[in-house]
Number of protein chains: 2
Amino acid sequence: MKPALLINQVVQKVRAEGGRMTAQRRVILEALVAHPGHPTADEIFASVRRVDPSINLSTVYRTLRWLEENGFVAPRWFEDDHRRERFDPLTGTHTSGEHFHFRCRVCNRIIEFDEPLLAEVCAAFEQRSGARVESAALVLYGVCARCR
Amino acid sequence: MKPALLINQVVQKVRAEGGRMTAQRRVILEALVAHPGHPTADEIFASVRRVDPSINLSTVYRTLRWLEENGFVAPRWFEDDHRRERFDPLTGTHTSGEHFHFRCRVCNRIIEFDEPLLAEVCAAFEQRSGARVESAALVLYGVCARCR
DNA sequence: AAGATTGATGCAAATCGTTTGCATTTAACT
DNA sequence: AGTTAAATGCAAACGATTTGCATCAATCTT
């Protein structure tokens, strides 16, 4: 459903920026790709440590920030643990403003969906208010099918 | 449009809970009522200090938490400064799940709206996924009419 | 293939918003 | 007025993220 973010693309971009493809970055990327859903920095850190225990948390953060700045992941926050940043690997299958999240309060899983009505909601608001809408974040909270 | 949260109601609730109506709480409440939009704790703190410079920031937090637990305000986070908690005075004019926010990235103002389509979006998602939706948070980001 | 260059790392300390423990104050009861 | 427990002020703790800096190592040079 959601094709994995391709490591090759990242390598290419790193080099294009005059950066270096380090062992740490490779491990972090692999952890991110392998992770289902929207991991936090220390979930990634935990995976990464199993492969190379010498990797530091700040390296994980720096790598995730780099990925964010270069459009490979997007930061997300959800109302329950709103302080922990979560990283949403971007795949190009849906662009920002066109998809939303559902978070199950039982299993904490996050489900991603496209929602055509959302565009209408934005358009309606623009008309009514005179504002220009540039992006939208919709999060639904509840209990997923599996947990009911 | 948005009727102010009534101090009398709070006083009533405080007493019902066996609590005390202190001078500090009164000042904080007045600051909150006087504040347009969705202030942060230290915006409230700043207002409050002008009236009584001896009030402490932790008292502001404790009071806001109490208001939150008793349904007088709701906590909100927006993507730009996602770390700062904002306090949304609840008025009973619209209930949770039925209203959303627009945030202007120029003036940082937050505009609140009801949006009937949102209920449809939730219903559509429930049908499609089998999940039960309990609440929804929709935030639009862009430039408001005044700032264009 | 060895050396130079400079970007990335590990570590520890800093940051920022929010919370907490505790001794003291004070609102509301008697 | 005196009692008592809730609320305060203060300072210290917190948890997630960031930063400065000395060191390490990918890539470029030769």
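We name chains A, B, ... by the order of the sequence lines, and we start the count at 1 in each one.
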Can you tell me how far [atom2] of [N] sits from [atom1] of [X], to the nearest Å?
X	N	atom1	atom2	answer
A:Glu85	C:dT15	CD	P	21 Å
B:Glu69	C:dT19	CD	C1'	13 Å
B:Arg84	C:dT18	CZ	P	7 Å
B:Phe45	C:dC16	CZ	P	16 Å
B:Leu29	D:dA7	CG	P	13 Å
B:Asp81	D:dA16	CG	C1'	16 Å
A:Glu17	D:dT27	CD	P	15 Å
B:Glu68	C:dT19	CD	C1'	13 Å

- Which part of the nucleic acid, if any, lies within contact of B:Arg15, taking any heavy atom under 4.0 Å across all strands shown: a base, the sugar-phosphate backbone alone, or nothing? sugar-phosphate
- Hits for side chain to side chain donor-acceptor pair (under 3.5 Å) against A:Asp80, two or more places apart or cross-chain, chain-then-number order -> A:Arg103
- Closer than 4.0 Å, any side-chain N/O of B:Tyr61 to the OP1 or OP2 of C:dT18? yes
- C:dG17 phosphate, OP1 or OP2: any side-chain N/O from A:Arg83 under 4.0 angstrom? no
- Keeping to residues at least two apart or across chains, list the salt bridge (charged side-chain N to carboxylate O under 4.0 Å, His left out) pairs with something in residues 61-70 of chain A. A:Arg65-A:Glu68, A:Arg65-A:Glu85
- Pairwise salt bridge (charged side-chain N to carboxylate O under 4.0 Å, His left out) hits with a residue in residues 116-132 of chain B, at least two apart: A:Glu115-B:Arg128, B:Arg132-B:Glu134
- Item | Beyond-backbone contact of B:Val143 with B:Arg105, side-chain heavy atoms, under 4.5 angstrom | yes
- Query: For residues 138-148 of chain A, which residue pairs qualify under side chain to side chain donor-acceptor pair (under 3.5 Å), counting only residues two or more places apart or in two chains?
  - Reply: none
- Would you mind listing every side chain to side chain donor-acceptor pair (under 3.5 Å) that reaches into residues 12-22 of chain A, with sequence neighbours excluded? none
- Task: Please work out which of the three classes, parallel, tilted or perpendicular, describes the rings of B:Trp77 and A:His82, given edges at 30° and 60°.
- Result: parallel
- Which letters describe nucleotides 4-14 of chain C, given B = protein heavy atom under 4.0 Å from base, S = only from sugar-phosphate, - = neither? -BBBSBBB---
